[in-house]
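Residue numbers count from 1 along this sequence. Just follow the structure's listing: the first ligand is 1, and inside any ligand the first atom is 1.
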Amino acid sequence: MSQKIIPKKLLLLHGPNLNLLGTREPEVYGRMTLEEVNQAAVDYAHRHHAELRAEQSNHEGALIDIIHVARNWADGIVLNAGAYTHTSVALRDAISAVKLPVVEIHLSNIHAREEFRHKSLIAPVCVGQICGFGWRGYLLAIEALLGHLGVSD
Ligand code: DQA
């Protein structure tokens, strides 16, 4: 009897200012638009038998609401929290509260930039962190999350 593979459901969540990707400091964040990054992530997830839904907000509370809702449908989250990475206890608490595995991702290498970016308040409640690899980091993060969820091919 053949076993049906149930695809994992992933949330890709982008925080503040990431809607401006493509035009925002391209020397730091690259030239891909958010739409292009999301499309690459959706395609990559499909190739790995996963479904991915992408959302973005510039508002801390809205990001928290999206994480709360994800509790009801997602198996895990890839999160670029933008500047809230360095400031938001509320976002960190939301991650702890929903108990979904979260992979933290940044386009830039936050450890090689200004000192205030070196500290991530969310890192201790995430499975791990990927940073410094530009848009490809999102694909690495999806792979890492699927591996964490026990999916390998
Ligand atoms: C970022 C790094 C953050 O420090 C910054 O505030 C961002 C983008 C990144 O993807 O490199 O908005 O998360």
Side-chain angles (χ1 to χ4, degrees), residues 8-48 50-71 73-149:
K8 294 293 180 196
K9 293 189 169 66
L10 309 181
L11 168 65
L12 171 55
L13 184 56
H14 308 274
N17 299 307
L18 292 163
N19 54 311
L20 301 181
L21 278 186
T23 55
R24 174 194 181 198
E25 298 178 80
E27 66 288 355
V28 178
Y29 300 117
R31 296 192 182 277
M32 294 253 293
T33 65
L34 186 63
E35 208 177 312
E36 290 167 342
V37 169
N38 285 341
Q39 193 55 58
V42 165
D43 292 347
Y44 185 86
H46 275 167
R47 289 202 297 279
H48 292 78
E51 289 168 16
L52 182 138
R53 193 186 298 176
E55 300 201 44
Q56 188 274 333
S57 176
N58 293 318
H59 305 278
E60 191 176 17
L63 292 166
I64 291 166
D65 287 342
I66 292 167
I67 290 170
H68 288 180
V69 172
R71 192 177 37 167
W73 66 269
D75 296 302
I77 302 175
V78 171
L79 173 63
N80 186 345
Y84 289 139
T85 304
H86 319 296
T87 63
S88 180
V89 175
L91 202 53
R92 175 195 172 122
D93 286 351
I95 295 168
S96 297
V98 299
K99 294 192 167 65
L100 286 171
V102 176
V103 174
E104 175 183 359
I105 172 191
H106 302 282
L107 293 145
S108 64
N109 179 355
I110 55 173
H111 305 287
R113 299 182 62 196
E114 303 96 322
E115 204 169 330
F116 65 85
R117 293 186 206 275
H118 296 181
K119 175 89 182 156
S120 165
L121 295 186
I122 65 170
V125 293
C126 290
V127 179
Q129 181 192 75
I130 291 170
C131 70
F133 297 104
W135 67 272
R136 289 181 186 82
Y138 288 96
L139 312 188
L140 299 173
I142 294 166
E143 188 187 352
L145 182 55
L146 289 175
H148 180 82
L149 292 169

One line per pair, note the atom names and distance for all nitrogen or oxygen contacts under 3.5 Å between ligand 1 and the protein.
| unit_1 | atom_1 | unit_2 | atom_2 | d |
| --- | --- | --- | --- | --- |
| ligand 1 | 4 (O) | His86 | NE2 | 2.7 |
| ligand 1 | 4 (O) | Arg117 | NH1 | 2.9 |
| ligand 1 | 6 (O) | Ala83 | N | 3.2 |
| ligand 1 | 6 (O) | Arg117 | NH1 | 3.1 |
| ligand 1 | 10 (O) | Asn80 | ND2 | 2.9 |
| ligand 1 | 10 (O) | Leu107 | N | 2.8 |
| ligand 1 | 11 (O) | Leu107 | N | 3.3 |
| ligand 1 | 11 (O) | Ser108 | N | 2.9 |
| ligand 1 | 11 (O) | Ser108 | OG | 2.6 |
| ligand 1 | 12 (O) | Arg24 | NH1 | 3.1 |
| ligand 1 | 12 (O) | Arg24 | NH2 | 3.0 |
| ligand 1 | 13 (O) | Asn80 | OD1 | 2.8 |
| ligand 1 | 13 (O) | His106 | ND1 | 2.8 |

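For the atom pair NZ (Lys9) and CG (Leu52), the distance works out to 12.0 Å, reported to the nearest 0.5 Å.
The only option from Leu10, Leu145, Ile77 that meets the side chain to side chain contact (heavy atoms under 4.5 Å, CB included) definition with Pro101 turns out to be Leu145.
Contact record, Tyr138 with Leu107: CE1-CD2, 3.7 Å, taken as the closest heavy-atom pair.
Counting only heavy atoms from C-beta outward, the side chains of Leu21 and Glu36 never approach each other to under 4.5 Å.
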Under 3.5 Å, which donor-acceptor pairs link side chains of residues 90-100 to any protein atom two or more places apart or in another chain?
| unit_1 | atom_1 | unit_2 | atom_2 | d |
| --- | --- | --- | --- | --- |
| Arg92 | NH1 | Leu121 | O | 2.8 |
| Ser96 | OG | Arg92 | O | 3.3 |

Exercise. Yes or no on side chain to side chain contact (heavy atoms under 4.5 Å, CB included) for Ile122 and Gln129, after CA distance, side-chain angles and deciding distance?
Worked result: CA-CA 10 Å; Ile122 65 170; Gln129 181 192 75; over 6 Å; no

